[in-house]
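As the structure is a computational prediction, the values presented were derived from the model and not from experiment.
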Amino acid sequence: MRRRDIFALGTLALAGTAASAASASEAPASSGAVTSNIAGVGLPIIAGGRIRNYVFVTISLTLGGGFTAEQMRAKEPYFRDALVRAAHRTPFVLADDWTQVDAPALCAAMMRIAPSISGAGSIASIQVALQAPRRRTGVRPT
């Protein structure tokens, strides 16, 4: 293993530790709605039948009325699994940039999946709060 790969793995491990702490924290949004974060989910960027990059995302779920952060915390593994499965089935790839995911497509897919995981009306909206590519060199298709 090359030195820079070891450094990247160490950096990801530290980011994962911080992301785990962040995923456990929920804070009310400015409008008074309760949010829950799902942090550190690695999504593949697949182009031309090959994995070109991974982007680690933090998803912010705005909960619907009557749902608590504790209820969503129990559902977090199911949301993670559904997100990774959706990203492998239909990658959220931008045509001109392999360092970001297609946030609107990702949010739309998660909104379609959410009722089957946590019930109808449990999620009011979904946002991609943070994107961190594994390769930050701006890998772009030619």
TODO: For the pair Val101 and Gln131, evaluate side chain to side chain contact (heavy atoms under 4.5 Å, CB included) and give the outcome as yes or no after the intermediate values.
DONE: CA-CA 8 Å; Val101 296; Gln131 298 186 41; 3.5 Å; yes

TODO: Please step through side chain to side chain contact (heavy atoms under 4.5 Å, CB included) for the pair Ile126 and Thr62, ending with a clear verdict.
DONE: CA-CA 6 Å; Ile126 297 176; Thr62 303; over 6 Å; no

TODO: Could you go through the side chain to side chain contact (heavy atoms under 4.5 Å, CB included) check for Ile38 and Thr58 one step at a time?
DONE: CA-CA 6 Å; Ile38 300 174; Thr58 298; over 6 Å; no

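Taken from OG1 in Thr90 to CG in Leu106, the straight-line distance is 11.5 Å, to the nearest 0.5 Å.
In Gln127, the CD atom is not crowded: 12 or fewer heavy atoms of neighbouring residues, nucleotides or ligands sit closer than 6.0 Å.
In this structure a side-chain-to-backbone donor-acceptor pair under 3.5 Å is missing from Arg134 to Tyr54. Side-chain atoms of Asn37 never come within 3.5 Å of backbone atoms of Ala39 as a donor-acceptor pair (strictly under, hydrogens ignored). Side-chain atoms of Gln71 come within 3.5 Å of backbone atoms of Thr68 as a donor-acceptor pair (strictly under, hydrogens ignored).
Minimum interatomic distance between Leu83 and Met110 (heavy atoms only, all atoms of both residues): CD1-SD, 3.7 Å. The two residues Val55 and Ile45 have their closest heavy-atom pair at CG2-CG1, 3.8 Å. Minimum heavy-atom separation, Trp98 to Ala47: CZ2-CB, 3.7 Å. Closest approach of Thr35 to Ser60, counting heavy atoms only: CB-OG, 4.2 Å. Contact detail for Pro44 and Pro91: the closest heavy-atom pair is O-CB, 4.4 Å. Among all heavy-atom pairs drawn from Ser118 and Met72, the shortest one is CB-CE, 3.6 Å.
Between Ser36 and Val34 the shortest side-chain heavy-atom distance does not fall below 4.5 Å. By the 4.5 Å heavy-atom criterion applied to side chains, Val128 and Cys107 are counted as neighbours.
Remark: Arg50 pairs with no residue by the salt bridge (charged side-chain N to carboxylate O under 4.0 Å, His left out) rule, at least two apart or across chains.
No chain of hydrophobic side-chain contacts below 4.5 Å, direct or via other Ile, Leu, Val, Met, Phe, Trp or Tyr residues, connects Phe56 to Leu130.
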